[in-house]
Structures are given as structure tokens and as C-alpha cells.
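Chain A is the first sequence line, chain B the second, and so forth, proteins listed ahead of strands; every chain is numbered from 1.
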2 protein chains.
Amino acid sequence: MIESDKPLAQKNRNRVSTSIDVAKLAGVSQSAVSRAFTPGGSVSEETRAKVLKAAKALGYRPNAFAKGLITQQSGLIGIVFPSTQSPIYTQALQYLTRALVAEGYSSILIPFDTYADGDHSIPQLFHYRVEGVIVMSSTLESHLVEECLDLNIPVVQLGRVARGANTNCVVCDNASGGVMAAELLVARGCLRPAFIAGDHATSTNRERESGFCRRIEQLLGYPPLVYQANFSYEAGGAAARELLVMPSPPDGLFCATDLIAIGVMDVAREMGLSIPDQLQLIGFDDIPQAAWVGYQLTTFSQDIERIAEESVRILLCQIKRDDNRCTHLILPVTLVQRGTLRELTG
Amino acid sequence: MIESDKPLAQKNRNRVSTSIDVAKLAGVSQSAVSRAFTPGGSVSEETRAKVLKAAKALGYRPNAFAKGLITQQSGLIGIVFPSTQSPIYTQALQYLTRALVAEGYSSILIPFDTYADGDHSIPQLFHYRVEGVIVMSSTLESHLVEECLDLNIPVVQLGRVARGANTNCVVCDNASGGVMAAELLVARGCLRPAFIAGDHATSTNRERESGFCRRIEQLLGYPPLVYQANFSYEAGGAAARELLVMPSPPDGLFCATDLIAIGVMDVAREMGLSIPDQLQLIGFDDIPQAAWVGYQLTTFSQDIERIAEESVRILLCQIKRDDNRCTHLILPVTLVQRGTLRELTG
DNA sequence: CTGAAAGCGCTTACAG
DNA sequence: CTGAAAGCGCTTACAG
């Protein structure tokens, strides 16, 4: 008897209060409560004060589900998060959620592989009527984006450009990074430059590669060697093991990411090569590890905070104005000079 | 004229269909549609087929807001994500969302500092009536947890134990790690062991420290030196710079995290010390960098995937059964032997 | 400024 | 198994 009473009592004690409860306690109508919680709602200061006091006493919090149902605005943004190791995406995620919260939105997280799992698993995402989606996955070539477009849900792709899709994207200037890398290497006397490529399917990799190759060819008259790897530390090491034992090995490497470059460095040193004397190196991303004492990797830094904020800005702009002109924002990268490039000799 | 027509037409075209639309097309009642989408709902196969066909034609997706409103179950879990650099949390986040999706829940992300920002900003979290919360922040000592408890919302703390709070938590066996570290170091002849501590406010750090100190004192008859740092790479380097120039510097270091240990290694090498000959080292966490060629750090690995899955299991258990008995789950750590400890001499 | 009332899109007793 | 109807907790014309 006592045992069955207890859960009941708890339920009652913890029952969340509604606007009707607040209205009763405040001695006003339920509409008045709603208005008091609506920015710009037409209520007298007196009524608002009574409502707020009652609401506080009851621990009232407007039910977002009821609100969303009636206003047809969920206040929810979907964020597709990739299953990668790169700290870049974690940083982006933090900045994104922060910016979104500041604008009054909440973030629903969609792990990448959930969606990749197959078409039959309709993402819960759409059940919650997200108002917009930010896609971070660098390799995802799925139809998620198309599905959003069908449903008229704005999408911003962060850090990637899908082929031919007319969706918004915010990326750093990968191509310019490639061009600059070529110039830096050639200016320091490199004659056998190489590019260590990450995942070929990503726009990030393709742009860095083409910028680099194009400029090398212009400067040197021949293209660099291109080694196809992937975005991991291990792939960098493997690339180094193959490339650096060649008859005339590369003397300057531009790596698609810092992680690759660091993998190269570790193996190159193991092989007794000195950096930057015998091998010069440039990375991309400026991950925390690039600044570590043991690496001091010269690299390009992207302004992740700005990329995240612009993504949110563009997304919210489309949500609010319901315009569907497409924005393709390219943010500059900055060279971070550290120790893997030789000094420029006068 | 044309311009004002267009948006309207678009709105219509993209208007999401409801169960009533589906019912009309399928020639059944709206209730039948609802039942067809409810697992175990009492509908004939024939009706279900008609409904599913119509639903597919219309691109119907049940509105989670309407459903949540009527069932009083949001299907949403809040995840508090810390603003840290450690890859551990990113991994945990991926495993968590994956496990949650598999169970039919969606994840709302709460960036740590949002909530820390001040009490006046009531977390949107509660507006969405999350059914449970998983807290990952290692340093957060906020009242979020208490607030959840007040509202009878189950909470699981992942990787941390709050002082005196009677909430669920899933952690790895930090204390045993400390004990094992002490034994490993002493067995290899260390006479001047030291602990480099991370953030003092975290249970993680406290348990690693106390396990280590207790066991060192038992084995050696005196306590280890304890250097107060924080959980960063930089703090490890700073600690090394101070400790390793002492008259009789430590000969064996247990670091609260791998990141600290790696910071120590980089500086120790810069100072010309050879590892493990002149300085032995043990980390904690087994982050990817610990396995890098340049470090080969001996460390303890926690099974993040299991920790995440158990957290979800415990949380859902409390949500479904509405029992509030508290679970405190401690998962074992395993030693990952690499190169920063000397060989045991027979 | 205020309240009564309709309605958002579902689920679920209730009565066949 | 099926449908009509109530109701979840809000917002928002509508009429004072």
C-alpha cells in the first residue's frame, strides 16, 4: 500500500505546471499568461508582473512542443556531425551550438552514420520539423541535403561543397592555401614538390590539391607528384614510407591536413631525415598538435569560429526571410609560420 | 503580381502533410493512420498497407511535436558537452548519439558554457521537456543536475562524480589506474615518483591522484611529489620545466592525462632527457596521440564506447521504469604498454 | 489591455 | 479491427 502510494505522490509533486496553473494562481486568463511570455505581447506591466510571479512560484516553463505545434516553428536546428578524429569539427560544433543558443535555437545532433545506415531509417530529424540543417560531414555524399531541399528546409554545408548542389556553404579558401603552399615551397628552392592527398571525395581535398598543382605547374613548368592517401595520421606515415625511399624523393611536401603532415614528420624523423633541412613541409588546418613543441608545423589556419558563426547567420537568414538564394561564402586562410619551412635566403 | 504569387505557390507545394491528408488519400480514418504508425497498434494488415502507401506518396512524417504533446514523451535527451580539447569527449559524444538513435531517441546538445552563463538564462532544455540528461562536462559543478532532480528528470554523469550528489554516474576506475601506475613505477626502480595533477575540481583527477599517492606511500614509505597543473598540453610542459631542473628531479611521472604527459615529454626531450632511461612516464586516457610514433606513451585506456553505452542504458532504464535508485558504475581500465616505461629487469 | 475560443497534429480511451 | 471525439498546452485572431 505504502509502496504504491509513493510513486503517485511523486508524480503529483513533480507534475510540470502549465499556463493554466499559472493563470489560476495569478488570477488572470490563460491568454494573459501566454502574452506575458511572448516578447512584444500586449499585456500591462501589472499583469505581466503578476504572471511572472506566479510562474516563478510554480517553476513554470512554457512547453516548447505546444508552442512549436501552434506556431509551426520548432526552434530546432539539425547538426550533422561526422565520425572523424579531427578536432576541427569538435571546435566547429561548439561554436555552432553556442551561436545557435544565442539566437534562441536548440541543436539536434545527427551522427553521420545514422543517416548513412540506409534509407529505410527515416531520420527522426524530420519528425521534429527542424527549421534548418547544418552539415559538417566532409565525406557525406548522401541525399540528406536533397531531402531537405525537397522539404524546403534550408541547409548550410560547413567546410565542404557538394558537387553541383545549389546549397549554401561556408568554407575556407582551400584553393588559395594550395596556391600559397606552392609559392612558399618553390621560393625555398623546392624542385620536387609533392602533394599528399586526403580523401578524394571531399571538396576540401580537391581544392587544396588543384590550387597547389596549378601553381606548381605555372612556377616550375611541371606538376607536383600527387600521392593519394586519406585524412589520417597513419596515412601520412604510410605515404612517407613510400615516398621518402624513392630514388629522388620529394624535397617539399604539401599535405592535405595537419594530421597527415604530422604522420609524415614522425616517419621522416624515424628515417633520419632532418626537417626542414632535408624535407620541407606544409600542413593545413592548424590543429592544436601542429603547435606542439615536437612538431612546430607550418600550416594554414582557418577561422573556425567565424566559419561557424557565418554558417549560423546564413542559415537563420534563410529561415527568417524564406529566401532561397544560395550563398557560397569563402573565408580567407592565414599562414602560420613555424618550423617546417626553411628561412628565405636573401 | 507574379512575384507575390511565387512564394505562396511554394508554400503550398511544400506544405508538410498530416495524418488527415494521409487518411483522406487512403480512404480511412485519421485514427487508422495513427495506429498504422504506432508499433503494436491494432490495425489490419490491409489497412496498414493502404496507409503506408498513401503516406509514402505524400511524404508523410508523423509530427513529433504533436505526438510528444499528447504522449508527454519528448523522445529527446539532453547532452551537456564540455568546451574541452580532449578527444575523449568527442568520441563519447559520437557513441552516445549513436546509442540514443538506436533506441529511438534524439539528442539535444547543450554547450557547457551556455548554462554556466548565469541563472537568468533558463535552459531551453527544459522547455523541450527532455526525458533525461547526460552530463559530460568534467569541471561543471553547476546546479543543472539539481534542477533536473527537482523536475524528476533522470541524469547520468559520464566520466565524473559530483560530490555528494545522489545521481547516476559511469566512470572508469581512476583509482585503480592510480594504484597500478604506482606499482609499475616502483617495480621499475623509481624512488622519486611524482604526480602531475589536472584540474583539482574534477573527480577524475582526484581519484587518479589519491590512488597513486596512497599506493606509493604504502610501497615506498613516503608520498610522491604532487605538482598542481591542469588538463592541458601546455601545463604539462610548464610542469616539466619546473620539476626537471630540481636538485633531485623526479625519476618517474604519473600524469593525470595523456595530454599532460605529452606536454612533459616534449619539454623533457628539449632538455635532453632520454625517455624512459632518465625519466619514466605514464599517462591516462589513451588518446590517439599517445600512440603516435613520436610518443609511444604508456597509458591507461578507458573503454569509451562501453562507458557511453552504459550511460545510455542506465538513463533509459530510469526513464522507462521511473525508478530512481542510483547507479554508480565503475568500468575497468586497461594498461596500454608502449615505450615510456623501462623493461622489467628479472 | 483582456478573455473566450478555435485550432496546431497527434494518441487513445470509448463504443461499436 | 474501426471511427468519432476528447484533449495534450500552447498562440492568436476576434470581440470587447
Side-chain angles (χ1 to χ4, degrees), chain A residues 11 15-52 54-55 58-76 104 122 124 126-131 151, chain B residues 11 15-52 54-55 58-76 104 122 124 126-131 151:
Chain A
K11 292 254 178 201
R15 180 180 156 271
V16 281
S17 45
T18 70
S19 59
I20 294 188
D21 300 327
V22 176
K24 275 182 193 153
L25 184 60
V28 298
S29 73
Q30 184 270 329
S31 330
V33 175
S34 177
R35 289 191 185 103
F37 278 92
T38 306
S42 69
V43 254
S44 64
E45 263 321 308
E46 196 194 335
T47 305
R48 183 191 301 275
K50 276 194 291 187
V51 168
L52 261 33
L58 295 173
Y60 169 71
R61 301 166 202 267
N63 184 319
F65 275 59
K67 179 177 178 175
L69 190 57
I70 198 80
T71 60
Q72 301 279 47
Q73 295 180 321
S74 65
L76 258 23
I122 300 166
Q124 296 147 332
F126 294 121
H127 297 206
Y128 285 101
R129 304 291 190 261
V130 292
E131 295 184 43
L151 292 167
Chain B
K11 292 254 178 202
R15 180 179 156 273
V16 281
S17 44
T18 70
S19 58
I20 293 186
D21 300 328
V22 176
K24 275 182 193 150
L25 184 60
V28 298
S29 72
Q30 184 270 329
S31 327
V33 176
S34 178
R35 288 190 186 103
F37 277 93
T38 306
S42 67
V43 253
S44 64
E45 263 320 308
E46 195 196 336
T47 305
R48 185 192 300 276
K50 278 195 290 189
V51 169
L52 259 33
L58 295 173
Y60 169 70
R61 302 167 201 266
N63 184 318
F65 276 61
K67 179 178 180 176
L69 190 57
I70 197 79
T71 61
Q72 301 278 45
Q73 295 180 320
S74 65
L76 258 22
I122 299 167
Q124 296 146 329
F126 294 120
H127 296 208
Y128 285 100
R129 304 292 190 260
V130 292
E131 295 185 42
L151 292 167

Which residues satisfy the salt bridge (charged side-chain N to carboxylate O under 4.0 Å, His left out) test with A:R129, sequence neighbours excluded?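 Not a single residue meets the salt bridge (charged side-chain N to carboxylate O under 4.0 Å, His left out) criterion with A:R129.
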For B:E46, all residues meeting salt bridge (charged side-chain N to carboxylate O under 4.0 Å, His left out), sequence neighbours excluded: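 Applying salt bridge (charged side-chain N to carboxylate O under 4.0 Å, His left out) to B:E46 gives none.
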Anything under 3.5 Å between a protein N or O and an N or O of nucleotides 3-5 of chain C, put it in a table, one pair a line.
from	atom 1	to	atom 2	distance (Å)
C:dG3	OP2	A:S29	N	3.2
C:dG3	OP2	A:S29	OG	2.9
C:dG3	N7	A:R35	NH1	3.1
C:dG3	O6	A:R35	NH2	2.5
C:dA4	N7	A:S31	OG	3.3
C:dA4	N6	A:S31	OG	3.0

Expected output is a numbered-order residue list: members of residues 64-76 of chain A with a heavy atom under 4.0 Å from any atom of DNA chain C. What is it?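 Output list: A:L69, A:I70, A:Q72.
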Verdict with reasoning, A:V16 to B:F126, per side-chain contact (heavy atoms from CB on, under 4.5 Å): CA-CA 10 Å; A:V16 281; B:F126 294 120; over 6 Å; no
Audit row: A:L25, A:Y60, side-chain contact (heavy atoms from CB on, under 4.5 Å) steps and yes/no: CA-CA 12 Å; A:L25 184 60; A:Y60 169 71; over 6 Å; no
First encountered from the 5' end of DNA chain D, between B:G41 and A:F37: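 Its nearest nucleotide being more 5', the pick is B:G41.
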Answer yes or no: does a side-chain N or O of B:Y60 lie under 4.0 Å from OP1 or OP2 of C:dC10?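 For C:dC10, OP1/OP2 do have a side-chain N/O of B:Y60 under 4.0 Å.
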Looking only at side-chain atoms of B:S42, point me to the closest of D:dC1, C:dT2, C:dC10.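 Selected nucleotide: D:dC1.
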B:S34 side chain: which of C:dT2, D:dC1, C:dT12 is closest?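 Between C:dT2, D:dC1, C:dT12, the one nearest the side chain of B:S34 would be C:dT12.
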In whole angstroms, how far is the [atom2] atom of [N] from the [atom1] atom of [X]?
| X | N | atom1 | atom2 | result |
| --- | --- | --- | --- | --- |
| B:N63 | C:dT11 | CG | P | 10 Å |
| A:I20 | D:dC10 | CD1 | C1' | 9 Å |
| A:H127 | C:dC10 | NE2 | P | 10 Å |

P gap between C:dA6 and C:dT2, integer Å: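 These two P atoms come out 22 Å apart once rounded.
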Separation between the C1' atoms of D:dG16 and D:dT12, rounded to whole Å: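 About 16 Å, rounded to a whole number of Å.
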If the condition is side-chain contact (heavy atoms from CB on, under 4.5 Å), which residues does A:I70 pass it with, not counting sequence neighbours?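 With sequence neighbours excluded, A:I70 shows a side-chain contact (heavy atoms from CB on, under 4.5 Å) to no residue whatsoever.
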Residues that A:Q72 engages under side-chain contact (heavy atoms from CB on, under 4.5 Å), provided they are two or more places apart: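 A:Q72 satisfies side-chain contact (heavy atoms from CB on, under 4.5 Å) with no residue once adjacent residues are dropped.
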Hey, does A:S44 reach any base, or is it just sugar-phosphate, or nothing, if we go heavy atoms under 4.0 Å?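 Here A:S44 touches the backbone only, sparing every base.
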Please output the side-chain donor-acceptor pairs of residues 27-36 of chain A that fall under 3.5 Å, not counting sequence neighbours, one pair per line with the distance.
from	atom 1	to	atom 2	distance (Å)
A:S29	OG	A:S31	N	3.4
A:S29	OG	A:A32	N	3.2
A:Q30	NE2	A:S19	OG	3.0

Please list all pairs passing the salt bridge (charged side-chain N to carboxylate O under 4.0 Å, His left out) test where one or both residues lie in residues 62-72 of chain B, with sequence neighbours left out.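 Those involving residues 62-72 of chain B do not exist here.
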According to side chain to side chain donor-acceptor pair (under 3.5 Å), who are the partners of A:S44, at least two apart in sequence or on a separate chain?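 Side chain to side chain donor-acceptor pair (under 3.5 Å) check on A:S44 returns A:T47.
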In dot-bracket form, 5' to 3', how is DNA chain C paired? Count Watson-Crick and G-U wobble pairs only if both distances fall under 3.5 Å, and write | where the partner sits on another strand. |||.||||||||.|||
For A:Y128, check ring pair (Phe, Tyr, Trp, His ring centres under 6.0 Å) against everything at least two apart and list the hits.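 For A:Y128, no residue satisfies ring pair (Phe, Tyr, Trp, His ring centres under 6.0 Å) once neighbours in sequence are set aside.
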Say you draw a straight line from CG of A:N63 to NE2 of B:H127; how long is it, rounded to the nearest 0.5 Å?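 Nearest 0.5 Å value for the CG-NE2 distance: 10.0 Å.
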